[in-house]
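Some notes on the structure that comes next.
Just so you know, residue 1 is the first one in the sequence shown, and it goes up from there.
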Amino acid sequence: MPEPTPDERRDDTARLDGTARLDGTARVEDGIETLASDRVLADDTPLTPPAATAADWSTATATPSSSDTAAATGAALPRPTIRWGALVWALLFGTVAAFALWTLTDLQHRDEVLFWIAAVPMQLVPLYLLAVVGIVVALFGIVGLIRRGERQRRASASSSS
């Protein structure tokens with residue numbers, strides 16, 4: 001069967017537009033099932049981008065980017081932000097993980113921890129839970145103070161430059 005011409009493709013596409021599906025599923029037409037990937041293209045649009053012209057290159061080099069400007073003037077780029085709050089949480093989770101590893105690596109360590117938990121009087125359990133909640137709230141407060149300090153430092157650095 002000969003290859004359809006671009007005009008025939010456009011005619012087929014216009015005829016099929018009313019039944020086209022956007023979800024990529026199969027469509028049954030005249031008893032023949034066609035997948036979305038097998039449908040006829042509307043035109044012969046090339047799939048490669050057009051080549052850049054000399055005018056495009058001249059305008060691209062005429063407007064240097066901010067990194068080019070900083071490199072040309074010798075100005076230092078701003079330092080990356082250190083996420084101190086993330087470091088605080090990383091230390092907390094690292095401590096919990098280290099304790100869990102210490103506990104699980106040796107049966108004697110596990111037994112020591114279990115004996116300690118069994119020796120805690122039941123009246124002190126709510127106090128221990130309250131202490132844990134207090135530590136978590138204090139960590140949130142510390143991280144909030146660190147975040148506020150970072151924002152103020154960033155704001156003062158941007159206003160001075």
Side-chain angles (χ1 to χ4, degrees), residues 13 16-29 32-42 45-52 56-161:
T13 304
L16 297 175
D17 276 343
T19 61
R21 293 184 185 180
L22 299 177
D23 60 356
T25 59
R27 177 176 57 217
V28 177
E29 181 182 315
I32 300 172
E33 182 177 308
T34 58
L35 296 175
S37 59
D38 295 335
R39 295 195 187 127
V40 178
L41 293 175
T45 305
L47 298 178
T48 57
D56 293 339
W57 286 105
S58 64
T59 58
T61 57
T63 57
S65 67
S66 61
S67 62
D68 294 339
T69 305
T73 61
L77 294 173
R79 290 179 38 185
T81 302
I82 297 174
R83 306 280 315 251
W84 292 103
L87 291 175
V88 169
W89 286 111
L91 287 174
L92 173 71
F93 290 130
T95 304
V96 170
F99 178 73
L101 281 174
W102 177 82
T103 304
L104 296 174
T105 54
D106 191 5
L107 291 177
Q108 183 180 358
H109 295 164
R110 187 190 64 183
D111 291 340
E112 290 172 1
V113 170
L114 289 175
F115 287 138
W116 176 77
I117 291 173
V120 173
M122 290 306 288
Q123 296 85 3
L124 291 180
V125 171
L127 291 175
Y128 280 131
L129 292 176
L130 186 64
V132 168
V133 169
I135 290 171
V136 171
V137 168
L139 282 173
F140 274 113
I142 291 169
V143 170
L145 288 173
I146 291 171
R147 184 179 299 135
R148 186 172 68 173
E150 286 178 354
R151 285 181 184 160
Q152 288 176 350
R153 183 178 49 84
R154 199 176 304 133
S156 66
S158 66
S159 65
S160 65
S161 58

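Rounding to the nearest 0.5 Å places CG of Leu87 at 12.5 Å from CG of Leu92. A distance of 13.0 Å separates CG in Leu101 from CG in Asp106, rounded to the nearest 0.5 Å.
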Check: residues 146-154 side-chain donor-acceptor pairs under 3.5 Å, at least two apart:
unit_1: Glu150; atom_1: OE2; unit_2: Trp84; atom_2: N; d: 3.2

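Within the structure, ring-ring contact (aromatic ring centres under 6.0 Å, His included) contacts touching residues 105-136 (residues at least two apart or in different chains) are Trp102-His109. Every pair passing ring-ring contact (aromatic ring centres under 6.0 Å, His included) that includes a residue from residues 133-157 is listed here, sequence neighbours excluded: Trp89-Phe140.
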